[in-house]
Amino acid sequence: MAEINMLQAINDALSIALESDENSILFGEDVGHFGGVFRATSGLQEKFGRDRCFNTPLTEQGIAGFANGLASNGMVAIAEIQFADYIFPAIDQIVNETAKFRYRSGNEFNVGGVTFRTPYGGGIAGGHYHSQSPEAYFTQTAGLKVVVPRNAYQAKGLLLASIRDPNPVIFFEPKRLYRANIGEVPDEDYEIELGKAEVVREGKDITLLAWGAQVEIVEHAADMAAKKGISCEIIDLRTLAPWDVDTLATSVKKTGRLLINHEAPLTGGFAGEIAATIQEECFLYLESPIARVCGLDTPYPLIHEKEYMPDALKTFEAIKATVNF
Amino acid sequence: MSNATSDNETVHRVSFLDRESVNIPILKVLQADGTVYDKAVLPAIDEALAHRIYDTCVFTRVLDERMLGAQRQGRISFYMTCTGEEASIIGSTASLDDGDVILAQYREHAAIRYRGFTTEQFMNQLFSNEKDLGKGRQMPIHYGSAELNYQTVSSPLATQIPQATGVGYSFKMQGKRNIAICYFGEGAASEGDFHAGLNMAAVLKSPTIFFCRNNGYAISTPTSEQFCGNGIASRGPGYGIHTIRVDGNDMLAVLAATQQARAYAVENHSPVLIEAMTYRLGAHSSSDDPSGYRSKDEEAKWQQHDPVKRFKLWMINKGWLTEKQDAEMYEKYRKEILAELKVAEKLPMSMLDTLIEDVYDTPTPRLKQQLKDLKKHLKKYPDSYPNSKGRL
């Protein structure tokens, strides 16, 4: 088992996916010889040839439509959208086509072989066109799976599971952690089941829920809370659509409190959906209102990035307020 | 090299290109009286193929007439005809291998008919009943069949164009000598998907035929308000795509062009753009009244170019068809369609469980819970939900 970073884990997963299924194709802007702007696809064109790993013209709607066409005819399409901020030109293809291919045709056709990989999130001084977390736009679209890994180990296992899942998946990669997160990752082929949350840390006073890059933020907040004698249970949702209600509800029934943290703006964010569901599932167990620590309802800022972020300190304050409600 | 300048002719006075700079001839084979132009080269066609084509023409004419009538009677909610465009659609489909994948826009039901979609299957889709392959999930005319390699129609315009590029590329990767054909109107060519799809097909060398039915109108918008260039064909060379313009009301011209386009696409793993100059004789859809935006005179002029009549005259000239046989074909389909219509409209809709099927490969726990809650509600108020009453 080697210590590698998240980009290397992703590269490894892509290499295994291409090697284990000759029907699979990898493409996107700059992913060919250059290896992608973040180098996630480095060396793959050399290994698998220009027919299976290539640059496309700069057209997100084209990439998404092309992926749909490939998958509709039996191929496995792994498409990179260079930044999640640039996924919007492709939104019609993803929301109206990818997501509904199977349903609208009565299962005559499907594009389950499509996986869109895209780097998301802030903390990299990227301003509002290199930092957005657009997951909620897609969680509202039935037919898509939405997956977010939080570390190198997950990135490999969840990406392989996403590529092989018989449904289209949008795989959001926390770019802030691409090189920052280093961990032990098995060399072999393995998958982490989609649709299952992970209990990262057990605790008894409050459940903290996050995904992707925000999991380490709530871990820091939990450490701060521990010094005040508050025991936090931490859950990483991992898959946002379809999401694991049971694991979360079980935890909240135990702790009686819930805090949800995400980077995307508060209003209309996925935390709202989770809060509503947990209120329904756990009403009689809740000892305080469900807290949301999220991005502000502004475009992602540049100079005030630190202020905007739902960071550990804000989370810590919300933990205290919830526990002392 | 695409960006090289060294090979270009140089000039020393300012000189601009304009729409006339691209001279695009139009291929014509068959004249209005059913005779062939002197110098025309015929496509590969024998009597059997001619009959399969003509049979599809007659079926489509009768289907369109009857189902537009059924829509007017309130028996189905919506309908679209392809009247006037039969040569474009059938001539192109008839040039393909049955393994080639068709990605239609919505007005190409003649193509799925040519492939073998039965009258019963048409009716099941139009009435959204339990036998509809699409499980009653889309409006009438959104046909699709995996068995016939005809991808299910999607309402948003032009989305099928970059998808066709992907399908074509997949054939290349699978080592199959098949292609994708993608139909769209000149209006859809204004969407970004058109540019994305053609540009990617050219760059990635995807064996795909982009077939534009330039039928004069995008709902009510005439071509003069849709584009300023020399039609859609002029864009092909700009993308580096092999391009041809044909008389879209000329079955033999469309057949000839598409046969050669297919051969080129397969041999060179490359796309081809075909622009068929035709005319939408009918309304855009049953929700539309063309008298609000075009003149009766204009329509009458195009009636004289009726593609089905022109092809019929050619077959009669060849001794392959008689007026009597022709009349019998129309009669046969009128009876058959009416009979199938009566059966299909009485069939119930799909079971409620299909509501949550095919969202994912298997229903998620949340979907199952939602269905359970819904059923409980429907059982409590069955009279308020007559369609699913007794069908839970």
Side-chain angles (χ1 to χ4, degrees), chain A residues 22-25 27 51-52 54-75 77 79 89-90 92-93 95-112 114 142-145 165-168 195 241-246 277, chain B residues 101 103 132-138 142 144-147 149-156 158-174 178 180 182 191-193 195-204 206 208 350 354 357-362 364-367 369:
Chain A
E22 61 178 23
N23 255 329
S24 52
I25 297 179
F27 53 93
D51 281 347
R52 292 186 64 202
F54 52 84
N55 294 334
T56 65
L58 205 162
T59 167
E60 289 79 13
Q61 71 190 123
I63 291 167
F66 180 76
N68 288 334
L70 282 175
S72 76
N73 208 37
M75 308 293 287
D92 179 49
Q93 279 290 344
V95 166
N96 274 324
E97 303 293 313
T98 311
K100 298 177 174 77
F101 230 90
R102 193 195 305 267
Y103 194 76
R104 73 165 182 234
S105 70
N107 204 27
E108 286 290 295
F109 298 94
N110 76 78
V111 295
V114 170
L144 299 175
K145 292 193 177 181
D165 190 273
N167 299 284
W243 68 283
D244 184 353
V245 180
D246 288 349
T277 303
Chain B
V101 168
L103 294 99
D132 169 25
L133 293 177
K135 300 186 187 173
R137 289 175 184 150
Q138 293 204 78
H142 291 66
S145 163
E147 190 192 347
N149 293 312
Y150 188 100
Q151 289 205 356
T152 305
V153 169
S154 164
S155 303
T159 53
Q160 76 281 14
I161 301 175
Q163 291 171 14
T165 303
V167 172
Y169 193 88
S170 69
F171 279 131
K172 182 168 86 166
M173 290 302 293
Q174 291 160 3
N178 279 109
C182 169
E191 295 279 7
D193 277 321
H195 167 72
L198 268 73
N199 190 46
M200 286 183 82
V203 171
L204 300 171
S206 168
T208 303
S350 300
T354 63
E357 286 172 5
D358 308 324
V359 180
Y360 297 96
D361 62 324
T362 51
T364 60
R366 296 213 97 189
L367 280 171
Q369 185 59 45

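Lettering of chains follows the sequences in order, A, B, ..., and the numbering in each one begins at 1. It should be emphasised that the depicted structure is a prediction, and the values quoted were computed from it without experimental measurement.
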Enquirer: Quick one: closest heavy-atom pair of K135(B) and G106(A), and the distance?
Expert: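 What the structure gives for the nearest pair is CE-O, 3.5 Å.
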Enquirer: Taking only residues two or more places apart in sequence, or in another chain, which ones meet R102(A) in a salt bridge (charged side-chain N to carboxylate O under 4.0 Å, His left out)?
Expert: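 For R102(A), no residue satisfies salt bridge (charged side-chain N to carboxylate O under 4.0 Å, His left out) once neighbours in sequence are set aside.
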Enquirer: Does any heavy atom of chain A fall under 4.5 Å from the side chain of Q138(B), the backbone, both, or neither of them?
Expert: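 Side chain only.
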Enquirer: CD of E22(A) to CE of M173(B): how many Å apart, nearest 0.5 Å?
Expert: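 Reported value, rounded in 0.5 Å steps: 9.0 Å.
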Enquirer: Out of D165(A), L144(A), N55(A), which one racks up the most heavy-atom pairs below 4.5 Å with chain B?
Expert: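 Option with the top pair count is L144(A).
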Enquirer: Can you check whether N73(A) reaches V101(B) side chain to side chain, under 4.5 Å on heavy atoms?
Expert: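 Side-chain contact under 4.5 Å: yes.
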Enquirer: Can you see whether S72(A) engages Q163(B) through a side-chain donor-acceptor pair at a distance of less than 3.5 angstrom?
Expert: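 There is no such pair (donor and acceptor under 3.5 Å, judged by atom type) between the side chains of S72(A) and Q163(B).
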Enquirer: Which heavy atom in Q93(A) sits nearest to a heavy atom in P162(B), and how many Å separate them?
Expert: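 It is NE2-CG, 3.5 Å.
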Enquirer: Could you tell me which of N199(B), D193(B), N149(B), T165(B) has the largest number of non-hydrogen atom pairs under 4.5 Å with chain A?
Expert: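 Of the options given, most contacts go to D193(B).
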Enquirer: Identify which part of V359(B) has an atom lying under 4.5 Å from any heavy atom of chain A, answering side chain, backbone, both or neither.
Expert: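 Both the backbone and the side chain of V359(B) come within 4.5 Å of chain A.
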Enquirer: Please classify the contact of D51(A) with chain B as side chain, backbone, both or neither, using a heavy-atom distance under 4.5 Å.
Expert: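 Contact with chain B: backbone and side chain both.
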Enquirer: Which answer fits D92(A), side chain, backbone, both or neither, if we ask what part of it has an atom under 4.5 Å from a heavy atom of chain B?
Expert: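 D92(A) touches chain B through side-chain heavy atoms alone.
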Enquirer: Using non-hydrogen atoms and a 4.5 Å limit, figure out which bit of Q61(A) sits close to chain B: side chain, backbone, both or neither.
Expert: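 The answer is both parts of Q61(A).
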Enquirer: What part of N110(A) is in contact with chain B, defined as an atom under 4.5 angstrom from a non-hydrogen atom: side chain, backbone, both or neither?
Expert: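 For N110(A), there is no contact with chain B at all, as no heavy atom is under 4.5 Å.
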Enquirer: Just checking, any donor-acceptor pair under 3.5 angstrom between side chains of T159(B) and E97(A)?
Expert: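 A donor-acceptor contact under 3.5 Å links the two side chains.
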Enquirer: Could you report the tightest heavy-atom contact between M200(B) and I63(A), atom names first, then the distance?
Expert: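 So the two residues come closest at SD-N, 3.8 Å.
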Enquirer: Specify the closest pair of heavy atoms between L70(A) and Y169(B), including all atoms of both residues, with the distance to one decimal.
Expert: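 Nearest heavy atoms, L70(A) then Y169(B): CD2-CD2, 3.9 Å.
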Enquirer: Taking all non-hydrogen atoms of both residues, which atom of G62(A) and which atom of A196(B) are closest, and how far apart?
Expert: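 Reported closest heavy-atom pair: CA-CB, 3.5 Å.
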Enquirer: R366(B) vs V245(A), test: side chain to side chain contact (heavy atoms under 4.5 Å, CB included). Steps then yes/no.
Expert: CA-CA 9 Å; R366(B) 296 213 97 189; V245(A) 180; 3.8 Å; yes
Enquirer: Hey, is the main chain of P168(A) close enough, under 3.5 Å, to the side chain of Y360(B) for a donor-acceptor pair?
Expert: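 Such a contact is absent between Y360(B) side chain and P168(A) backbone.
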Enquirer: In terms of heavy-atom proximity below 4.5 Å to chain B, should F54(A) be classed as side chain, backbone, both, or neither?
Expert: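 F54(A) touches chain B through side-chain heavy atoms alone.
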Enquirer: How many angstroms lie between atom CH2 of W243(A) and atom OG1 of T364(B), to the nearest 0.5 angstrom?
Expert: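 Answer rounded to 0.5 Å: 12.0 Å.
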Enquirer: Give the minimum heavy-atom separation between E108(A) and E147(B), together with the two atoms involved.
Expert: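 Heavy atoms only, the tightest pair is OE1-N, 4.4 Å.
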Enquirer: So which of P166(A), P242(A), A67(A) has the largest heavy-atom pair count under 4.5 angstrom toward chain B?
Expert: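 Between P166(A), P242(A), A67(A), the count favours P166(A).
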Enquirer: Who passes salt bridge (charged side-chain N to carboxylate O under 4.0 Å, His left out) against R52(A), sequence neighbours left out?
Expert: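 Checked R52(A) against salt bridge (charged side-chain N to carboxylate O under 4.0 Å, His left out); zero matches.
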Enquirer: Given a strict heavy-atom distance threshold of 4.5 Å, which part of K145(A) is in contact with chain B: side chain, backbone, both, or neither?
Expert: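 For K145(A), the contact with chain B is made by backbone and side chain together.
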Enquirer: Using non-hydrogen atoms and a 4.5 Å limit, figure out which bit of L204(B) sits close to chain A: side chain, backbone, both or neither.
Expert: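 Side chain only.
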Enquirer: If we ignore hydrogens and angles and just use 3.5 Å, is the side chain of D361(B) paired with the main-chain N or O of N167(A) as donor and acceptor?
Expert: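 Looks like no, no N/O pair under 3.5 Å.
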Enquirer: Using non-hydrogen atoms only, which part of I25(A) is less than 4.5 Å away from chain B: side chain, backbone, both, or neither?
Expert: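 The side chain, not the backbone.
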Enquirer: Please flag which part of T354(B) lies under 4.5 Å from any non-hydrogen atom of chain A: side chain, backbone, both or neither.
Expert: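 It is the backbone, since no side chain atom gets that close.
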